[in-house]
Amino acid sequence: MARKNPSFEDTSEFNELIARYEEHLKNDTIIYLDADQLADIADKYAEDERFEDAQQAIDYGLKLHPCSTDLLIEQSLLYLDTDRLDQAKKIADSISENSEEVILLKSELLLNEEKPEEAEVLLQQLKEDLDLELSIDIANLYMNTTYYDYALRWIDEAISDYPKNEELWQLKAECHIFLQDQEAVVEAYNSLIDLNPFNADHWINLGSFYYNIMEYAQALNAIDFSLAIDDTNGEIYLIRGQLLQHLDRIDEAIDAYQRALQRNLIMPYFAYGSLGLAYNAMKNWTDAILSFNKAIESTPDIFPMILADFYTNLAHSLSQAGEYDEAHERCNTALEMESVDISEVNLIKGYAYWMQNDSYNAWLAWQRAVTADPSSEAETWIRVSEYVLDNPQIYTPENVKKLLVCLEHAALQGSKNPKLFVKLATLSLILGDKESFNRYKQFAPSSIDFDKLTKFIETIDSGNGYANFAEDIERWKNDYPL
C-alpha cells in the first residue's frame, strides 16, 4: 500500500529530493531530512521494488527520528511487501498513534490475515471523517486484498454522496468484474459513459469487458464508438481487428491490423502476428509467411515465448505452402527457446511431416506432443485428428484407422467435445465396424440424424472398394467438423 499523503505533490521537487539523498549516499556525507521526506523516499523505492534501498532510507530516517509514525508505517509496509507479516504486525502494534494512516495500515494487516470482519470494525472508526479520497482509499484497500464485496459497500455508499465521480464508478465496475456479475459491470460502464460520453477510455473498457466474455459484436460496437472519439490509438485498432477476426470478417480484420501499424502502436509485433493469423484463415500463405517474418523481426529477444509462438505459426504457414524443410528449421528454432510450448511445436512439426507424406515421422512428433503436455492429451489428440484429415493424398484405410485411434485416445481422456463421438461413430462406419458404430452412437449428440449418416456412409463402398475413399472422407470432414 502506498502512503496516503506524500509530502511532495510536485514531481520535480520530489526528484530533486531523491537526487540530494542519493548524492549523500554516494559521497557518504551528512544530510538532514525530515521524517516524512525520508518516508516518501522509502515509499518510492518500495514502489519500484528497490526494497534494499527502501530499508536503507528507513534505517537512516529512524536514526534521525526514532519514534516517527511515518517511518514506522513505512517499515511495517516494507515488511508486508517482502512477505514478513509477523514483523509487519509487530511494528504496527508498536505505534501508539491512532491516525487515519495507522488505522489503514492495521486494517491492511488484518486483511492479509484473512480477518475482514475485524478490519471492518477498525475502518468504521473513520466514518466521521469520511470523504471522497478516504472512501477510495478504503475501497482500494479491500480490492487489493480481494475482498470485493466489502469494497462494494464503501463504493456504493460513496456513490450515493458523489454520484458523478467517475473514479468511483470505475472501481464499482472492476469489483463486479471480479465478482462475475456481468449485468452489474455493464450497468456501471454505461453509467460512466452517461457521465462522460466523449471519454474514449470508457468505451474501450466496456468493449474490453465484452471481449473477455466473448460478446464480440457488442465489444466491436463499443470499440467503434471509442475510435469515433479518438482514432489515433493503434492498440485499439489491434483490438478491433481481433474482434473482426472472431466474427469471421477477415478482410476487415486485415484492414484494422494495417491501420494499427500506421498509428502509434506500442507493440507492432502483435499486429504482424495477428495479420499472419488472418492471412492463414484466408489460406493466403504467402502473406501469412511475410507477416510472421515481420512479427519475428520486430519482437524483442526478451520475449522468447512470443517469439517461439511466431516461429511455430510461421512453420505451419510454410507447411501449407509446401516449404517443408524451412518449416522444420523454424520448429527447431522454436524448440531451442526458453518457455517454449513443446507440445504445440511438435504438433506443427508432425503436421509438416504429414503434409510431405512422411507419416512415420509425423506420428513420432505427434506422440512427443502428447507426452509433453499430459494435461491436454485429449485436446492434442483431437488436433492430431484434424491434421490427419488435411492431406487427401494419404486418405487410406490404414491412416483412417490411426485417426480413429486418435479420437479414441481423446475419448478415453474425458474430452467434452460434443462432436467427438459423432466422429468416432462415423469413422467406425467408414471402416465397416458396425459394432463400434453402435457403441459410440449412444454417446453422440441426439441432434445428429444417424439414419441419414448411415446411408451416407454406405455410399462409400458401393462396389468400387476404396476408389472414392479420399472424396468421401473430404465430404465427411466438411459435413461433420469437430
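- Between the side chains of Gln170 and Glu174, a donor-acceptor pair is found at a separation under 3.5 Å.
- Across Leu111 and Pro116, no two heavy atoms sit closer than the pair CD2-CA, 3.6 Å.
- The distance from atom CD1 of Ile138 to atom CD of Gln124, rounded to the nearest 0.5 Å, is 8.5 Å.
- Ring geometry for Tyr387 versus Tyr351: interplanar angle of 30 to 60°, hence tilted.
- In this structure, Trp381 has its ring center no closer than 6.0 Å to that of Trp366.
- Asn284 and Asp287 are linked by a side-chain donor-acceptor pair at a separation below 3.5 angstrom, with hydrogens and angles left out of the test.
- In terms of modelled atom types and a separation under 3.5 Å, the side chain of Asp43 and the main chain of Ala39 share no donor-acceptor contact.
- Pairing each heavy atom of Ala288 with each of Gly276, the nearest pair is CB-O, 3.7 Å.
- For the pair Arg240 and Tyr237, the cation does not sit on the ring face, since its NZ or CZ is not both under 6.0 Å from the ring centre and inside 45° of the axis.
- The shortest non-hydrogen separation linking Val340 to Ala334 is CG2-O, 3.2 Å.
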Derivation of the salt bridge (charged side-chain N to carboxylate O under 4.0 Å, His left out) call for Lys44 and Asp48: CA-CA 6 Å; Lys44 174 60 177 171; Asp48 295 340; 3.6 Å; yes

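- In this structure, Lys127 forms a cation-pi arrangement with Trp154, its terminal cationic atom sitting closer than 6.0 Å to the ring centre and no more than 45° off the ring axis.
- The minimum heavy-atom distance linking Ser76 with Ala88 is given by the pair OG-O, 2.8 Å.
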Intermediate values then yes/no, salt bridge (charged side-chain N to carboxylate O under 4.0 Å, His left out), Glu344 and Arg383: CA-CA 10 Å; Glu344 181 67 22; Arg383 289 274 301 281; 2.9 Å; yes

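- Neither side chain, Ser343 nor Asp341, offers a donor N or O lying under 3.5 Å from an acceptor on the other.
- Exactly one of Gln245, His246, Glu252 qualifies for a side-chain hydrogen bond (donor to acceptor under 3.5 Å, both in side chains) with Arg249. That residue is Glu252.
- Ile177 pairs with exactly one of Asn205, Val185, Asn212 by the side-chain contact (heavy atoms from CB on, under 4.5 Å) rule, that one being Val185.
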Should Arg153 and Glu157 be marked as a salt bridge (charged side-chain N to carboxylate O under 4.0 Å, His left out) after you check the CA-CA gap, both sets of side-chain angles, and the distance that decides it? CA-CA 6 Å; Arg153 296 175 197 171; Glu157 186 173 334; over 6 Å; no

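- Minimum interatomic distance between Tyr148 and Met143 (heavy atoms only, all atoms of both residues): CE2-O, 3.6 Å.
- For the side-chain contact (heavy atoms from CB on, under 4.5 Å) with His176, the qualifying choice from Asp181, Val186, Leu171 is Asp181, the only one to do so.
- No hydrogens or angles considered: nothing links the side chains of His328 and Glu323 as a donor-acceptor pair under 3.5 Å.
- Counting only distance, with no hydrogens or angles, the side chain of Asn140 and the backbone of Ile136 share a donor-acceptor pair below 3.5 Å.
- Proximity of Leu123 to Leu104: side-chain heavy atoms (C-beta onward) are separated by under 4.5 Å at one or more points.
- No side-chain donor from either of Asn112 and Thr145 sits under 3.5 Å from a side-chain acceptor of the other.
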Determine, step by step, whether Tyr216 and Tyr211 satisfy the ring-ring contact (aromatic ring centres under 6.0 Å, His included) criterion, reporting the C-alpha distance in whole Å, the side-chain angles of both residues, the deciding distance to 0.1 Å, and the verdict. CA-CA 6 Å; Tyr216 300 123; Tyr211 192 145; 5.8 Å; yes

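- Shortest non-hydrogen contact noted between Ala271 and Leu238 is CA-CD1, 3.7 Å.
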